[in-house]
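Since we're looking at a predicted model, the values are computed, not measured. In what follows, chains carry the letters A, B, and so on, assigned in the order in which the sequence lines appear, proteins first and then strands, with residues in each chain numbered from 1.
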2 protein chains.
Amino acid sequence: MPASQQHDHNHCISTAMDTARTLCEQRGLRMTPVRRRVLELVWQNHKPTGAYDLLAQLSEEGFNSAPPTVYRALDFLLELGVVHRISSLNAFVGCDHPGHEHDTGFFICKECGNATELPAKEIKKLHETLVKKFSFSIETSNHELTGLCQNCKATA
Amino acid sequence: MPASQQHDHNHCISTAMDTARTLCEQRGLRMTPVRRRVLELVWQNHKPTGAYDLLAQLSEEGFNSAPPTVYRALDFLLELGVVHRISSLNAFVGCDHPGHEHDTGFFICKECGNATELPAKEIKKLHETLVKKFSFSIETSNHELTGLCQNCKATA
DNA sequence: CGTAAAATTGCAACATTATAACCTAAGGAC
DNA sequence: GTCCTTAGGTTATAATGTTGCAATTTTACG
């Protein structure tokens, strides 16, 4: 059973959409159709998804589909904090604990491609550890790990 | 005084070149002119440098200069462990403590653009912390932090 | 040596990811 | 409604990275 089916993923998505809507309301921002659909797609794919993949999916649904469309939507969602960019993959994933979060961490399975976001608490701890050790004023931190997830390790 | 002049940078470069040459000898690999020159350029620039910047510099010097030339050299140097890729910048930097190292961490100053590699020991500790906490079998870890370096913080 | 195998490089084309510039349309404030 | 701001449409282009194949150089080895 793929990881994407180990839980009620529709519930994930609807929660994520609710959160995004709420954040928009709080900040006086607009959750437009394209933005909403991009966010849904990011969640539905469940795996890190490239901008051009999203673009293709939008296109199939009759949305306008030039690169700026999807990049603008992604920029908005990144800013809102409901999506993260995984720079080692040039891909985007939904965030399951948004807010005003600047530190991110992912575990990326080499086998199945799933990217699991590390718990905010752990990331924060890592960040703080690093702040203490170095005389930099750290603003953001991002951590990307690769290896095998528990599932793939077991079946390997 | 720019950070690049706070130390004997030529010494850095020659040390790095020596190390690379030694690693090549140990592993029966060839340090060819292009590879050597790319490594020198990466070090000379002192800041994370894009592949196409390196390509332009090679070109000025009369080297062959099509993208594969520089990407192949970079791949070789990455594999050798004497260069790292900073994925959030799509750029490359020299490694000052090579060997067979898979875990990397950088502090990238938003102001001056310098990327400082975090001490291997610290990175290793971070990595181990994460290994213990999660049931993934982690193979590589990369950590990228942004903020202000001590220098830029002081002069700001 | 001389020849075959392997590694490296040259080269052309192409693929992927992302942005710029400029204009039109939609939504909200008054 | 009018104005202003924000969002989206469109075209083109920039920036980054890869593939495939031929030519060359290096190495291994009889």
Side-chain angles (χ1 to χ4, degrees), chain A residues 20-21 23-39 41-42 45 47-80 82-93 113 115 144, chain B residues 20-21 23-39 41-42 45 47-80 83-93 113 144:
Chain A
R21 193 170 35 70
L23 283 170
C24 281
E25 281 168 6
Q26 287 172 359
R27 302 186 196 170
L29 300 171
R30 293 187 231 160
M31 180 53 71
T32 65
V34 187
R35 291 169 176 174
R36 178 172 10 255
R37 192 59 190 134
V38 168
L39 181 53
L41 287 172
V42 165
N45 291 331
K47 291 184 189 182
T49 308
Y52 279 74
D53 284 346
L54 294 169
L55 197 52
Q57 295 177 62
L58 283 176
S59 176
E60 282 174 10
E61 300 175 8
F63 276 84
N64 168 53
S65 58
T69 301
V70 73
Y71 279 105
R72 285 193 285 229
L74 286 169
D75 286 346
F76 176 86
L77 298 168
L78 287 166
E79 176 70 21
L80 197 62
V82 295
V83 157
H84 294 306
R85 182 172 191 281
I86 299 184
S87 56
S88 62
L89 299 177
N90 294 334
F92 302 84
V93 284
E144 297 181 13
Chain B
R21 192 171 36 72
L23 284 171
C24 280
E25 281 167 8
Q26 286 173 359
R27 301 186 197 170
L29 300 171
R30 293 187 231 160
M31 180 52 73
T32 65
V34 186
R35 290 168 177 175
R36 183 180 357 263
R37 192 60 190 133
V38 168
L39 181 53
L41 287 173
V42 165
N45 292 330
K47 292 183 187 182
T49 308
Y52 278 75
D53 285 345
L54 294 169
L55 197 53
Q57 296 178 61
L58 284 177
S59 177
E60 283 173 8
E61 300 175 9
F63 276 84
N64 168 52
S65 59
T69 301
V70 72
Y71 279 106
R72 284 193 286 226
L74 286 169
D75 286 347
F76 177 86
L77 299 168
L78 287 166
E79 177 70 20
L80 197 61
V83 157
H84 293 307
R85 183 172 191 279
I86 299 184
S87 57
S88 61
L89 300 176
N90 294 335
F92 302 83
V93 286
E144 298 181 14

Notebook entry, point to check: Of all the choices, C:dC11, D:dG17, D:dT11, which nucleotide is nearest to the side chain of B:Pro67 once you look at every atom?
Noted result: D:dG17
Notebook entry, point to check: Is there side-chain contact between A:Leu80 and A:Leu29, with at least one heavy-atom pair below 4.5 Å?
Noted result: yes
Margin query: For D:dG9 and A:Asn64 - does any side-chain N or O of the residue sit under 4.0 Å from the phosphate oxygens OP1/OP2?
Written below: yes
Notebook entry, point to check: Using a cut-off of 4.0 Å on non-hydrogen atoms, how would the nucleic acid contact of A:Arg72 be classed: base, sugar-phosphate, or nothing?
Noted result: base
Notebook entry, point to check: What's the closest nucleotide to the B:Ala66 side chain, out of C:dT8, D:dT10, C:dC11?
Noted result: C:dC11
Check: If you check the B:Thr32 side chain, which of D:dG17, C:dA20, C:dT8 turns out closest?
Finding: C:dT8
Next item on the list: Give the minimum heavy-atom separation between A:Val93 and A:Ala115, together with the two atoms involved.
Entry: CG1-CB, 4.4 Å
Next item on the list: In whole angstrom, give the distance that lies between atom OH of B:Tyr71 and atom P of C:dT17.
Entry: 13 Å
Notebook entry, point to check: Can you tell me how far P of D:dT6 sits from CZ of A:Arg35, to the nearest Å?
Noted result: 11 Å
Check: What integer distance in Å separates A:Arg36:CZ from D:dA7:P?
Finding: 14 Å
Checklist line | Separation of C:dG27 P from A:Met31 CE (nearest whole Å) | finding: 16 Å
Next item on the list: Find the distance B:Asp75:CG to C:dT9:C1' and express it as a whole number of Å.
Entry: 14 Å
Notebook entry, point to check: Taking atom C1' of D:dG8 as reference, at what distance in whole Å does atom CG of A:Leu58 sit?
Noted result: 13 Å
Item checked: From C:dT17, C:dT19, D:dT11, nucleotide with atom closest to A:Tyr52 side chain -> C:dT17
Next item on the list: Name the closest nucleotide to the A:Arg85 side chain, picking from D:dG20, D:dT26, C:dT17.
Entry: C:dT17
Notebook entry, point to check: Over how many whole Å does the gap from A:Arg30 atom CZ to C:dG28 atom C1' extend?
Noted result: 7 Å
Notebook entry, point to check: Whole Å only: how far is the CG atom of A:Leu54 from the P atom of C:dA18?
Noted result: 11 Å
Notebook entry, point to check: Has the side chain of B:Arg35 got a donor or acceptor atom that lies under 3.5 Å from a matching backbone atom of B:Arg30?
Noted result: yes
Item checked: Exercise: do A:Ser87 and B:Ser87 side chains pair donor with acceptor under 3.5 Å -> yes
Note to self: Between B:Glu144 (side chain only) and B:Ser88 (backbone N and O only), is there a donor and an acceptor less than 3.5 Å apart?
What the structure shows: yes
Checklist line | Residue A:Asn90, side-chain atoms from C-beta onward, closest of C:dT8, D:dA7, C:dT17 | finding: C:dT17
